[in-house]
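Everything numeric in this text was worked out from a predicted model, so none of it was measured. We count residues from 1, following the sequence as given. Both backbone and side-chain heavy atoms feed into the values below; hydrogens, waters and symmetry mates do not.
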Amino acid sequence: MSDSIHPASTSFTDAANIKPDDYERLYRESVEDNAGFWGRIGERLEWFTKPTRIKDVSYAVEDFRIRWYEDGELNVSVNCIDRHLGERGDKTAIIWEGDDPADSRRISYRELHAEVCKLANALRNLGVKRGDRVTLYLPMIPETAYAMLACTRIGAVHSVVFGGFSPDAIAGRIADCGSKLVITADEGLRGGKKVPLKKNVDEALTRAGTNCVETVLVVKRTGGAVDMQMPRDRWYEAVVDGQPEACEPERMGAEDPLFILYTSGSTGQPKGVLHTTGGYLVYASYTHECIFDLKEDDVYWCTADVGWVTGHSYLLYGPLANGATTVMFEGVPNHPDIGRFWDVVDKHGVTLFYTAPTAIRALMREGEEPVRKRSRKSLRLLGSVGEPINPEAWRWYHEVVGDSRCPIVDTWWQTETGGILITPLPGAIPQKPGSATKPFFGIQPAIVDAEGNTKDGATEGNLVILDSWPGQMRTVFGDHQRFIDTYFKTYPGRYFTGDGCRRDEDGYYWITGRVDDVINVSGHRIGTAEVESALVAHEKVAEAAVVGCPHDIKGQGIYAYVTLNAGEEPSDELRKELVQWVRKEIGPIATPDHLQWAPGLPKTRSGKIMRRILRKIAENAPDQLGDTSTLADPGVVNSLLEGRMNR
Ligand code: ATP
Ligand code: MG
């Protein structure tokens, strides 16, 4: 139903970084001589000591190691800032767009250098040393970028905790990595509402395991009243003031830890993913340049929060390592109104735009008008990440947002992978709506059955990756065994992604949903993505989530939750119509057994649907919801439990 093919326009292709003929050739080279390929790509960075040992990898459980550029030495902040000062000193590094549309700022690479050095000096004075962990609980403000980069300058390991998390979630993450210092702000500002960040940190620090924290730095964002506990709490401004605008960078080993980041928690307890210095930066910067077709004059905007991996790799580190101009947005898509994204695009002349399906579906729900009212003529490429993008949402993004002019990169990756693994290269790989298309250079995906047998050709099964890439995570912080058990035990010798996947006749990859979420109806495996996309393809449906539920005859039945477009009313006729619609679109086997109206869906703070919770609601087992600390709106769960009766 969705196999239409969209090649990029010739004007895009002619100027593309990776041309149509380059992909197959470069891909073959990258796989045949993997270490040679990444050795050459590694030269894009500035190294204090150039690496000679490029790759040392074994996925065998008894002899496990992942090492890239092992004997190289470098510093991430030098690569993201200092080396651009000669040619790009006055170029804008960060365009900051505040929550209030009247509030924006441009920060040049030179200013960024000064701010990062001042903070790095201040952190050193406060006793932060190489290897120490620093937790950042901050809004989307320039100081957040300064803080991440300042940590890298002195070799401290940052752990960014999303500014929407509760005191318990912060405490758990601080205790897990033993942070010595926390950087926060008085309050955050999102959609005109204040978020009590410092107060949440104060509460977090009363919890068990958080007495590792010696200092809390507080950025003044709103000027709201906060309770400063001396001598622990210090104003950011005061400690940075008067510091020298230069700071000697640490010489870091390529395999030294760079940051810890906890996964979104869609499937359970978040994991403290650890990334290291050299391989991560090579991978983030190279993928960013190829996949977003980055050019010197581009204005690049990734809407992700820095609390997620996308905000690390493709808001901050990738773009800055490439000397790009990156937009950082403090606000939300519907403030002051639903056209905000496109206002920001027009205001700053954004050329490359990267967002998530959850945002696209939310905007789509409100119709075309707010989009059409804005020009958007600067846009030349669109990107999507975080969940499978339903073909219907893809088409809307392409036709309405991109005026059918912009290629779309549907990028599949994970916190664990550090960077994008499966994606179109926009000038080289024609897109199919809903498919992440082909592997990036050096990436060898394979599809296996439950026993681990490789399945060739057009097929469906579980997605594994056969060999390492420089941006791969190295361990779960403090629990290396959990790392090996989670990712390398299920299918020995291969990295298990946890995602289900289909490969079509053209060798295109389609993510079908999480393996844990696959529904087994009378022996037929049904991925969640396909049924959800069929529902979203109906003109009245905004969003859908599908899970399995116990069924006496079929083993599992299909339980669908449906959110309607703005202005549509639920009715029994519409329910019947939608059930028939899915039956017609996919086939009788996929006919939903239950269809429940959902005013909202339980999502992680990063906007992903949490199907494991929906499964428990379908089973009417509210006492078995598991870890809900990463839920964006816990209230949704109760309203769905109540709505369950009426289905
Ligand atoms: P946890 O691992 O804690 O359960 P999570 O998997 O949601 O949380 P992330 O690392 O943020 O944490 O998300 C990665 C997952 O998001 C992928 O495994 C995949 O399921 C989904 N995903 C990301 N991008 C895409 C995409 N373009 N298409 C389909 N799925 C995607
Ligand atoms: Mg995951």
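- By the ring-ring contact (aromatic ring centres under 6.0 Å, His included) test, Y27 is found to be paired with Y23, residues two or more places apart in sequence or in another chain being considered.
- Every residue two or more places apart in sequence or in another chain was checked for a side-chain hydrogen bond (donor to acceptor under 3.5 Å, both in side chains) with R40, and none qualifies.
- When the shell of 6.0 Å around NZ of K19 is examined, it contains more than 12 heavy atoms from other residues, nucleotides or ligands.
- W394 has its ring centre less than 6.0 Å from the ring centre of H398.
- Every residue meeting the side-chain hydrogen bond (donor to acceptor under 3.5 Å, both in side chains) condition with N200, not counting sequence neighbours, appears here in chain and number order: Y137.
- Counting only heavy atoms from C-beta outward, the side chains of W412 and P445 never approach each other to under 4.5 Å.
- Note: W469 and Y280 fail the aromatic proximity criterion, with ring centroids not under 6.0 Å apart.
- Not a single ring-ring contact (aromatic ring centres under 6.0 Å, His included) links H348 to another residue, sequence neighbours left out.
- For residues 151-166, the salt bridge (charged side-chain N to carboxylate O under 4.0 Å, His left out) pairs, not counting sequence neighbours, are D82-R153.
- Take E143 and apply the salt bridge (charged side-chain N to carboxylate O under 4.0 Å, His left out) test, not counting sequence neighbours, and it matches no residue.
- Using cut-offs of 30° and 60° for the angle between ring planes, the F329 and F341 rings count as perpendicular.
- Below 30°, between 30° and 60°, or above 60°: for Y300 and Y354 the angle between ring planes is between 30° and 60°, a tilted geometry.
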